[in-house]
Asker: 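Here it is, the structure, as structure tokens.
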Amino acid sequence: GDTPGISRTRLHKMGWHSSDTAQLHFDRVRVPQRYRLGEEGAGFKMIMGNFNGERLAMSAMALGFAQACLDEALAWARQRQTFGAALIERQAIRHKLMDMQMRISSTQAWVDAVTQQADAGQTGAEWVAQVCLLKNHATQTMQFCADAAVQLLGGMGYMRGTVSERVYREVKVMMIGGGAEEIMKELAAKQLGI
Ligand SMILES: Cc1cc2nc3c(=O)[nH]c(=O)nc-3n(C[C@H](O)[C@H](O)[C@H](O)COP(=O)(O)OP(=O)(O)OC[C@H]3O[C@@H](n4cnc5c(N)ncnc54)[C@H](O)[C@@H]3O)c2cc1C
């Protein structure tokens, strides 16, 4: 990082504030050969080897964020009183919570299945397609739950300090980073021979 010719420009982001994402500039940088990682010309292959694990980890993260939103929304619904009753007494509110639970349950089952397959050594095309589609499903679950939780918390959901507000700001990077949705669909289709 101290090599002459390397400089950084800080990027200001919607979320992920604790991650110091920056644009890197390389101006006639010379790197001694002893610092090379892996074989010459094999860099992209090495990065590709990391993609599936990253996408699977992001799926599990998205699931956790979704669950955190449901937990906060449920606690709020039990506590918050409007028009003489707790929110949880309203059918519309219970349905919203169950819409969240339904997506979380399906994502949980899929994460469990794909990680068990990984532990069993599966890395084939069909498994890669599952990872791509799971990442889309999990991050859509996160998006749905963040949106539903903020709505259920009402004005409080718009306030810094609530979990749901924070998760709401973290949704898009999960849907774009590590392979954007559209690219995940294309890759899955290719792996499935479609
Ligand atoms: C906060 C943050 C941290 C990041 N950290 C890292 C990191 O550590 N390492 C790293 O390597 N990358 C990192 N990225 C980069 C990230 O992986 C890319 O932003 C992401 O893969 C999307 O690429 P792009 O931004 O170039 O979008 P683009 O490729 O310009 O795509 C723009 C939009 O068009 C869609 N699109 C593109 N091509 C097609 C097509 N052929 N058909 C249909 N739709 C298409 C995309 O899906 C997307 O919705 C980070 C990004 C962010 C925001």
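For ligands, and for the atoms within them, numbers begin at 1 and follow the listed sequence.
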Asker: Around atom 44 (N) of ligand 1, find the nearest protein heavy atom and jot down its residue, atom name and distance.
Answerer: E182 CB, 3.5 Å
Asker: Please state which protein non-hydrogen atom is closest to atom 22 (C) of ligand 1 and give its distance, to 0.1 Å?
Answerer: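 Minimum-distance protein heavy atom for atom 22 (C) of ligand 1 reads I176 CG2, 3.9 Å.
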Asker: Hey, looking at atom 16 (C) of ligand 1, which of G15, A22, S19, G177 has the closest heavy atom?
Answerer: G177
Asker: Specify whether the nearest protein heavy atom to atom 6 (C) of ligand 1 is under 4.0 angstrom away.
Answerer: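 Flag for atom 6 (C) of ligand 1 set to false, no protein heavy atom closer than 4.0 Å.
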Asker: Less than 4.0 Å between atom 33 (C) of ligand 1 and some protein heavy atom, yes or no?
Answerer: no
Asker: Measure the distance from atom 3 (C) of ligand 1 to every protein heavy atom, then report the residue, atom name and distance (to 0.1 Å) of the closest one.
Answerer: W16 CZ3, 3.6 Å
Asker: Establish whether atom 29 (O) of ligand 1 and some protein heavy atom are separated by less than 4.0 angstrom.
Answerer: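 It does not; no protein heavy atom is within 4.0 Å.
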Asker: Suppose I only count heavy atoms of K13 and a 4.0 Å limit; which atoms of ligand 1 are within that range?
Answerer: 1 (C)
Asker: Check ligand 1 against G178 and write out every atom of the ligand that is under 4.0 Å from a heavy-atom position of the residue.
Answerer: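 Near G178, the atoms of ligand 1 are 17 (O).
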Asker: Do side-chain atoms of S105 reach the backbone of M102 as a donor and acceptor pair under 3.5 angstrom?
Answerer: no
Asker: Is the charged tip of R166 near the ring of Y168: under 6.0 Å from the six-membered ring centre and within 45° of its axis?
Answerer: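 Judged by the rule, R166 and Y168 form no cation-pi pair.
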Asker: Quick check against the 3.5 Å criterion: does K135 have a side-chain atom that pairs as donor or acceptor with the backbone of M174?
Answerer: yes
Asker: Can you confirm whether more than 12 heavy atoms, excluding those of Q81, are under 6.0 Å from its CD atom?
Answerer: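 Yes, because the 6.0 Å sphere around CD of Q81 holds more than 12 heavy atoms from other groups.
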Asker: Looking at S19, is its backbone amide N or carbonyl O close enough to the side chain of K13 to form a donor-acceptor pair, meaning the two atoms are under 3.5 Å apart?
Answerer: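 Yes; judged by distance alone, with no hydrogens or angles, the pair exists.
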Asker: Has the side chain of R80 got a donor or acceptor atom that lies under 3.5 Å from a matching backbone atom of I88?
Answerer: no
Asker: What is the closest protein heavy atom to atom 52 (C) of ligand 1, and at what distance does it sit?
Answerer: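 That would be V173 CG2, 4.0 Å.
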Asker: Looking at atom 46 (C) of ligand 1, would you say a protein heavy atom lies below 4.0 Å from it?
Answerer: yes
Asker: E170 side chain to W16 main-chain N or O, any donor-acceptor pair under 3.5 Å?
Answerer: yes
Asker: May I ask whether atom 9 (N) of ligand 1 is less than 4.0 Å from at least one protein heavy atom?
Answerer: no
Asker: Judged by atom type as modelled, is there a donor-acceptor pair below 3.5 Å linking the side chain of R36 to the main-chain atoms of G38?
Answerer: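 Judged by distance alone, yes, a pair lies under 3.5 Å.
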Asker: Is the ring pair H137/W110 parallel, tilted or perpendicular, if the boundaries are 30 and 60 degrees?
Answerer: tilted
Asker: Short list, please: which atoms of ligand 1 are under 4.0 Å from a heavy atom of A180?
Answerer: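 Under 4.0 Å from A180, ligand 1 has these atoms: 46 (C), 47 (O).
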Asker: Under 4.0 Å and counting heavy atoms only, is there anything from the protein next to atom 50 (C) of ligand 1?
Answerer: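 So atom 50 (C) of ligand 1 lacks protein heavy-atom neighbours under 4.0 Å.
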Asker: Among protein heavy atoms, which lies nearest atom 41 (N) of ligand 1, and at what distance?
Answerer: I183 CD1, 4.6 Å
Asker: For the residue pair C132 and L187, what are the closest heavy atoms and their distance?
Answerer: SG-CD2, 3.6 Å
